[in-house]
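What you are looking at is a predicted structure, and each value in this text was computed from that prediction instead of being measured.
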Amino acid sequence: MPFVFQFGGFDPGAFGGGFNPEGFQGGGASRSRKARKPRRAVGGVFSRTILNLLVTLVFGLVYFYLELPAINLHAEEFYVFVFLLCAVYCVCAAFTSGFQTDGGLKGYFGFVRKQCAIPFLTVVALAAVLALGVLSSWVVLRAGSYSELLPIQAGDFTAEVEEISYDQIPMLDADSAARLGTRKLGELADMVSQFEILPTYTQINYQGRPVRVTSLRYGDLIKWFTNRGDGLPAYIIIDMVSQEAEVVRLAEGMKYTVAEHFGRNLYRHLRFHYPTMMFDEPVFEINEEGTPYWVCSRIVRTIGLFGGIDVKGAVLVNAVTGESEYHEQVPNWVDRLYSADIIVQQYDYYGMYHNGFLNSMFGQKDVTVTTDGYNYIAMEDDVYMYTGVTSVTSDESNIGFILSNQRTKDTRFYPIAGAEEFSAMDSAQSQVQMMNYKATFPLLLNIAGQPTYFMALKGADGLVKMFAMVNVQQYDVVSTGSTVAECEMNYRQTLAHRGLIAAGEQKPAAGDAQEQEGIVAEIRSAVIGGNTHYYVRMENSLGYLDFNSAEVPLAVLLNVRDHIRYTYVLEGAEFPSHGIVPATGFEHIDWDN
């Protein structure tokens, strides 16, 4: 017989008062809901206030230690910091006063307004300052001020940009320099297991040479703990001309770096010593004696509260001792005060808004922007940033380019129309397309009075294989070579064949006799094969002329400070900056004087 549920006679009320969806009430008798016990206040008003302040202070110290906000009305993070402090105080006050949340959010704000008046008024005041600061910095209202951030002068390229010597042309980009640095560190067994290379290389002029420098960093937290007592033992120098990497060991290790923790961390060290200053990203440099420093550019806002980012001096931090000093005028050995990003941003403001904000949106007359990329070149013992300038329509051609001194921000615009950088890179790569070489972002050089893109061509292994030169104004004029000298010689020949320079402006080939004049700076001698050789160094030269007395007997009459005209024969395609060149004769220009 199947089992059947029978509900007849079932009385839900039999179960302790019955089942009632509206509440557990049975037999008509109501059970009152248990009232919540009210929260009691903590102590008196004074003690609660002290407790609230202590909690807020502890929170503020921890937050300041971790986040390092600048105590400055021009810094956005300052407002976040103060808002958080006010919020922590108000929440703490609600708990210590026994405030009930039955009134919801509205009730809580009422409580804050009455019993947290100072934090409440602080938030209101800062919110008003924040709103006014944003409005006063709005580019729509201050377009003219933004366009004046970067003073620009018109320049004459041929007259102002000298032909650079071979020992000043950087042949490595940042990626190739990083590869060389990593390979060099890997050769040092005592360092490679404990340290890594900081990837942020800085290009500087060091003792008259363009180099990239960077610091080491600890391999991990454990290696930091075991090595922090001695600090980081060395830094890396990459010579961008000779492509040589050097690990410079220090007598005393660097203890103040971006790789440190706690109080010796560079960012924390800066903030504790300069709590109101705003800083750009610190960069690693060395002075002429090889002492490592961090150059920490001071950021200022010059338009309203938050607009017009500019640089005003820098704090120089000795990476070994931690000694720091603010310089409004930095020493001449400092090469990078203004970052490329700041210079590019300021030029873009000029290009967009020098004819007003409305023109930048409608009509766009003379509206220009920088191209997507930049590079650096050493000139006059400073490092200049180079980037092209194109119209806002981006038609794959430049209307000119700028060179900007990264120490002084002195910027010149050269109105030379031609190919933009990436078109020139494509043109260079097409010359070696069978080899699949990739071109680096180009430098801008003056070759025979012609603005010229110079770039390295790298293989799949990331190493430099060849070099290329592309004429800026006629980017179908392209030459390559396995060395810089060969590349330039081929390029000059191509310029001559195209009628862009006179045939006499071509550099002579190896084996041709050449004539120059100058002042004798140094004379040495040696007997080789029974003949006396006089090795003569001229002023402003590191190489020596070799006068064989058997062929040039009058060489015995040479004296330091003599002004002579001499002939020599190149064995390579250029006069070497170091080494010895055979000389075939000379005559005194001021013999009678």
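T452 places a side-chain N or O within 3.5 Å of a backbone atom of Q450 that can act as its donor or acceptor partner. No side-chain donor-acceptor contact under 3.5 Å links D280 to the backbone of S297. The closest donor-acceptor contact from the side chain of N446 to the backbone of G449 lies under 3.5 Å. Side chain of N375 to backbone of Y386: no donor-acceptor contact under 3.5 angstrom is found. E288 contributes no side-chain N or O that, together with a main-chain N or O of W333, makes up a donor-acceptor pair within less than 3.5 Å. No donor-acceptor distance shorter than 3.5 angstrom exists from the side chain of S525 to the backbone of Y534, with no hydrogens or angles considered. At least one donor-acceptor pair under 3.5 Å links the side chain of E421 to the backbone N or O of G388. Put simply, the side chain of Q429 gets close to the backbone of A439: a donor and an acceptor are under 3.5 Å apart. Looking only at distances, no side-chain donor or acceptor of N405 sits under 3.5 Å from a matching main-chain atom of D382. Under the 3.5 Å distance criterion, the side-chain polar atoms of E551 are left unmatched by any main-chain donor or acceptor of G585.
Qualifying side-chain contact (heavy atoms from CB on, under 4.5 Å) partners for V478, counting only residues two or more places apart in sequence or in other chains: S427, Q431, V470. Scanning for salt bridge (charged side-chain N to carboxylate O under 4.0 Å, His left out) contacts around E260 gives R264, with sequence neighbours left out. Under the rule for a salt bridge (charged side-chain N to carboxylate O under 4.0 Å, His left out), the partners of K458 that lie at least two apart in sequence or sit in another chain are D173, D175. E162 is linked by a side-chain contact (heavy atoms from CB on, under 4.5 Å) to nothing, counting only residues two or more places apart in sequence or in another chain. Qualifying ring pair (Phe, Tyr, Trp, His ring centres under 6.0 Å) partners for Y267, counting only residues two or more places apart in sequence or in other chains: none. In this structure Y437 satisfies the side-chain hydrogen bond (donor to acceptor under 3.5 Å, both in side chains) test with no other residue, sequence neighbours excluded. Considering only residues two or more places apart in sequence or on other chains, Y350 meets the side-chain hydrogen bond (donor to acceptor under 3.5 Å, both in side chains) condition with none of them. E517 is linked by a salt bridge (charged side-chain N to carboxylate O under 4.0 Å, His left out) to R565, counting only residues two or more places apart in sequence or in another chain. Applying the side-chain contact (heavy atoms from CB on, under 4.5 Å) rule to T302 yields the partners L149, V300, D310; only residues at least two apart in sequence or on another chain are considered. Here Y201 pairs with nothing under the ring pair (Phe, Tyr, Trp, His ring centres under 6.0 Å) rule; sequence neighbours left out. The side-chain hydrogen bond (donor to acceptor under 3.5 Å, both in side chains) check on T257 picks up nothing, with sequence neighbours excluded.
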Please report the C-alpha distance between S479 and T494 in whole Å, then the side-chain angles of each, then the deciding distance to 0.1 Å, and finally whether the side chain to side chain donor-acceptor pair (under 3.5 Å) criterion is met.
-> CA-CA 7 Å; S479 294; T494 304; 3.0 Å; yes
For the pair Y293 and N318, evaluate side chain to side chain contact (heavy atoms under 4.5 Å, CB included) and give the outcome as yes or no after the intermediate values.
-> CA-CA 5 Å; Y293 280 86; N318 187 306; 3.9 Å; yes
Given the rule in the side chain to side chain contact (heavy atoms under 4.5 Å, CB included) test, do I564 and M538 qualify, once you have shown the distances and angles that lead to the verdict?
-> CA-CA 10 Å; I564 63 173; M538 309 302 293; 3.9 Å; yes
Please assess T411 against Y347 for the test side chain to side chain donor-acceptor pair (under 3.5 Å), listing each intermediate value before the final yes or no.
-> CA-CA 9 Å; T411 302; Y347 180 84; over 6 Å; no
Step by step, work out the side chain to side chain contact (heavy atoms under 4.5 Å, CB included) result for M379 and L403.
-> CA-CA 10 Å; M379 292 172 51; L403 286 177; 4.1 Å; yes
Would V161 and Y414 count as a side chain to side chain contact (heavy atoms under 4.5 Å, CB included) if you check the C-alpha gap in whole Å, the side-chain angles of each, and the deciding distance to 0.1 Å?
-> CA-CA 10 Å; V161 180; Y414 299 95; 4.0 Å; yes
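Closest heavy-atom contact between M254 and S215: CE-OG, 3.5 Å. Across G307 and Y146, no two heavy atoms sit closer than the pair CA-OH, 3.3 Å. Scanning both residues, R498 and V477, for their nearest heavy atoms gives NH1-CG2, 3.4 Å. Of all the heavy atoms in T387 and G373, the pair that sits closest is OG1-O, 2.8 Å. Residues C296 and V317 approach most closely at SG-CG2, 4.2 Å, considering heavy atoms. Taking every heavy atom of both residues into account, W294 and L198 meet most closely at CH2-CD2, 3.9 Å.
With respect to R407 and D381, no salt bridge is recorded, no charged nitrogen being found less than 4.0 Å from a carboxylate O.
Dense packing is recorded around NZ of K409, with more than 12 heavy atoms of other residues, nucleotides or ligands lying under 6.0 Å away. Under a cut-off of 6.0 angstrom, the local environment of CG in D372 is sparse, with at most 12 non-hydrogen atoms contributed by other residues, nucleotides or ligands. Sparse packing is recorded around CD of Q329, with 12 or fewer heavy atoms of other residues, nucleotides or ligands lying under 6.0 Å away.
Judged purely by distance below 3.5 Å, without hydrogens or angles, the side chains of E420 and T371 never pair a donor atom with an acceptor atom. A donor and an acceptor atom, one from each side chain of S404 and Y338, are nowhere located under 3.5 Å apart.
By the 30° and 60° cut-offs, the orientation of the rings of F586 relative to F547 is perpendicular.
Here the straight-line distance linking atom NZ of K223 with atom CD of E196 works out to 7.0 Å at 0.5 Å rounding. Here OH of Y384 is found 15.5 Å from OH of Y376. Values are rounded to the nearest 0.5 Å. Interatomic distance, OG1 of T202 versus CZ of R212, reported as 8.5 Å (0.5 Å rounding).
Side-chain atoms of P199 and R217, non-hydrogen and from C-beta on, do get closer than 4.5 Å to each other. Residues N355 and V367 form no side-chain contact, since every pair of their non-hydrogen atoms from C-beta on lies 4.5 Å or further apart. With contacts defined as side-chain heavy-atom distances shorter than 4.5 Å, the pair V295/P282 does not qualify. Contact check for L150 versus Y349: no side-chain heavy atoms found under the 4.5 Å cut-off. Between E281 and T200 there is no side-chain heavy-atom pair separated by less than 4.5 Å. For the pair V213/Y206, no side-chain contact is recorded, criterion being any heavy-atom separation below 4.5 Å from C-beta on. Using a 4.5 Å heavy-atom threshold, the side chains of V334 and P331 count as touching. Using a 4.5 Å cut-off on side-chain heavy atoms (C-beta onward), V383 and R336 make no contact.
Annotation: F441 is in aromatic contact with F422 [ring centroid separation under 6.0 Å].
Among residues at least two apart or in separate chains, ring pair (Phe, Tyr, Trp, His ring centres under 6.0 Å) pairs with a member in residues 446-489 are F454-F467.
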